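Working notes, beginning with the structure itself.
Just so we're on the same page: letters track the sequence lines, and every chain starts at 1. Quantities reported herein were computed from a predicted structural model and do not represent experimental measurements.
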Protein chains: 2
Amino acid sequence: MSPYDPSAFPPFAVTVDLVVLTVRSHALCTLIVRRGEQPYQGRWALPGGFVREGEDLGAAAARELVEETGLRAHDPGDPPPLPGNGAHLEQLATYGAPARDPRMRVVSVAHLALAPDLPAPRAGGDANSARWAPVEELLGEAEPLAFDHGQILADGVERARSKIEYSSLATAFCPPEFTVGELRRVYEAVWGVALDPRNFHRKVTGTPGFLVPAGGTTTRQGGRPAQLFRAGGATLLNPPMLRPEV
Amino acid sequence: MSPYDPSAFPPFAVTVDLVVLTVRSHALCTLIVRRGEQPYQGRWALPGGFVREGEDLGAAAARELVEETGLRAHDPGDPPPLPGNGAHLEQLATYGAPARDPRMRVVSVAHLALAPDLPAPRAGGDANSARWAPVEELLGEAEPLAFDHGQILADGVERARSKIEYSSLATAFCPPEFTVGELRRVYEAVWGVALDPRNFHRKVTGTPGFLVPAGGTTTRQGGRPAQLFRAGGATLLNPPMLRPEV
DNA sequence: GATCATAGTCGTCTCCCTGACGATAAACAC
DNA sequence: GTGTTTATCGTCAGGGAGACGACTATGATC
């Protein structure tokens with residue numbers, strides 16, 4: 001039988017779901033929207049939507065990201081035109097358990113977005129409201145997310161946690177110009193650990209291409225003025241920044 | 001408009017494609033099948049097929065793997081019942097460019113399988129024939145694979161190359177019992193570099209839980225008899241085995 | 001059987017990175 | 001001024017990795 005015989009394969013709906021992560025007040029947070037309809041009406045879920053005809057998967061994810069946050073995404077390959085002005089966006093994984101949506105066969109291509117701290121989210125599309133929630137709360141059993149979104153969120157968080165180890169991706173959580181201390185607080189929030197400020201400073205300033213001085217100082221964190229940096233061209237950290245054991 | 005209105009989203013076909021990697025005679029090889037029909041008739045492609053109704057994505061990949069190679073897959077989480085008797089199988093990424101298949105909208109969830117060296121592949125399903133080909137040849141520009149399979153293969157190879165750095169996954173390329181030298185030749189083939197046998201031996205035997213002695217020796221590689229090992233329970237290598245720079 | 005080639009295994013030495021932590025600097029709050 | 005906070009520089013010890021010497025145990029070759 002021909003593999004292209006239309007009767008030979010079942011039709012699927014394809015969606016993109018977004019795990020949008022940011023760091024707000026020392027906590028790793030993700031964007032969730034309240035579902036306005038069945039199933040899981042009234043429950044919190046990850047933002048997402050259907051992939052349109054003629055639309056690439058990454059383009060659909062970028063479109064959803066703009067709709068929900070106003071953030072423009074830039075490809076991981078390209079250097080961001082204005083670092084910090086857009087979000088990092090990458091494909092995470094695909095979820096297609098037959099019963100994950102009770103109404104039809106839906107395959108969801110989850111994407112992971114990392115963004116600097118933002119003002120309140122815009123509620124868009126089919127959501128009554130939207131908010132940033134600490135992932136710590138969501139991954140607890142209190143009020144699980146709709147569908148398999150709890151699993152998707154967990155996978156996205158784990159991806160982010162491991163990826164900042166060996167890449168410069170943590171700068172995606174920072175504004176265009178940032179201090180070493182701000183970057184350190186990103187690592188601390190994502191990993192949920194405390195890092196030694198002196199060793200961290202030595203590591204990040206000593207890695208060629210990771211940070212480039214932006215030429216000013218700031219005192220927005222209090223204390224002694226800190227040098228401002230931009231993200232350098234290096235994307236891979238070698239040797240990596242190792243996550244502490246516990 | 002309701003997101004579940006059937007007219008609100010286009011139907012997709014969903015397939016799984018497999019990057020099956022193995023090490024044959026010091027080279028990293030992948031399984032390819034010759035296409036029997038249009039498009040790309042007569043060209044080599046990755047094995048794959050449609051996801052069936054009610055079938056999970058991973059199950060579809062496992063089914064295709066059995067059909068093409070006879071290998072049973074085991075989940076990355078579980079320890080293999082008989083190490084080396086099955087293949088490691090994990091989801092790789094999803095490819096859904098609108099024109100990747102000229103005839104219809106197809107989203108392909110690519111999977112990566114790592115297997116020990118096998119006898120000649122069985123040609124199955126819609127393929128005239130199948131063979132193991134060194135990835136080095138396929139990634140050159142000589143005769144590109146059908147569809148976007150060249151990109152999928154490249155992504156799969158890169159995943160394998162980076163993952164054996166920080167996990168014990170290289171043992172998935174080995175038979176149930178293997179020597180340190182055989183494991184080293186796996187790393188050398190996957191990375192395409194030469195490793196110092198003494199430092200490699202110190203590293204892998206010194207990492208707790210990576211290897212457990214199997215209790216015998218073998219001389220199948222020539223030279224002094226070597227101790228046989230099995231894969232230990234450890235899945236994460238910390239500190240990782242770093243890929244040499246060049 | 002002596003010699004050689006091949007592979008495996010054990011040690012040593014040095015360098016670099018890391019973690020732990022002392023000390024100093026430059027702002028602000030009172 | 002004094003205390004507090006944060007940033008930044010330095011020092012020191014320990015561990016892992018690269019480079020490489022030395023020895024061992026097999027089969028192949030003469």
| remark: Here the distance between atom P of dA17(D) and atom CD of Glu165(B), to the nearest Å, is 12 Å

| Salt bridge check: are Arg159(A) and Glu90(A) linked by an N-O gap of less than 4.0 Å? | yes

| request: Measure the shortest side-chain to side-chain distance between Pro47(B) and Glu64(B) over non-hydrogen atoms and say whether it is less than 4.5 angstrom. | output: no

| message | With heavy-atom distances below 4.5 Å as the criterion, would you say the side chains of Pro244(B) and Leu195(B) are in contact? | response | yes

| request: Can you tell me the distance, in whole Å, between the CG atom of Leu195(B) and the C1' atom of dA17(D)? | output: 12 Å

| task | Check whether any side-chain heavy atom of Val109(A) sits under 4.5 Å from a side-chain heavy atom of Val109(B), and report yes or no. | result | no

| field | Glu158(B): partners by side-chain contact (heavy atoms from CB on, under 4.5 Å), with sequence neighbours left out | value | Arg161(B), Ser162(B), Arg243(B)

| query | Among pairs that include at least one residue of residues 194-237 of chain B, which meet ring pair (Phe, Tyr, Trp, His ring centres under 6.0 Å), considering only residues two or more places apart or in two chains? | reply | Tyr187(B)-Phe200(B)

| query | Under a cut-off of 3.5 Å for both distances of each Watson-Crick or G-U pair, what dot-bracket string does DNA chain D give, using [ ] for crossing pairs and | for inter-strand pairs? | reply | ||||||||||||||||||||||||||||||

| Whole-Å distance between dA25(D) P and His201(B) NE2? | 14 Å

| request: Specify the separation, in whole Å, of atom CG of Leu183(A) and atom C1' of dA7(D). | output: 14 Å

| message | Measure CG/Asn238(A) against C1'/dA17(D) and give the value in whole Å, please. | response | 13 Å

| Boundaries of the DNA chain C segment in contact with chain A, non-hydrogen, under 4.0 Å | dC17(C) to dA27(C)

| query | Any side-chain heavy-atom pair from Leu89(A) and Leu112(A) closer than 4.5 angstrom? | reply | no

| Is it true that the side chains of Asp155(B) and Tyr95(B) contain a donor and an acceptor less than 3.5 Å apart? | yes

| said: Under the side chain to side chain contact (heavy atoms under 4.5 Å, CB included) test against Leu138(A), which residue among Val157(A), Ile32(A), Leu46(A) passes? | reply: Ile32(A)

| Nearest-Å distance for atom pair CG/P, residues Leu242(A) and dG16(D) | 12 Å

| query | How about Pro240(B) and Leu242(B): do any of their side-chain heavy atoms sit closer than 4.5 Å? | reply | yes

| message | Side chain of Asn199(B), heavy atoms from C-beta onward: which of dA19(D), dA25(D), dT8(D) has the nearest atom to it? | response | dA19(D)

| With nearest nucleotides of DNA chain C determined for Asp196(B) and Thr179(B) from heavy-atom distances, which residue corresponds to the more 5′ nucleotide? | Thr179(B)

| message | Going by the rule side-chain contact (heavy atoms from CB on, under 4.5 Å), which residues pair with Thr22(A) if we only count those two or more places apart in sequence or in a different chain? | response | Arg24(A), Cys29(A), Asp117(A), Trp132(A)

| message | Give the residues of residues 202-224 of chain A touching DNA chain C, defined as any heavy atom closer than 4.0 Å, sorted by residue number. | response | Arg202(A), Lys203(A), Gly223(A), Arg224(A)

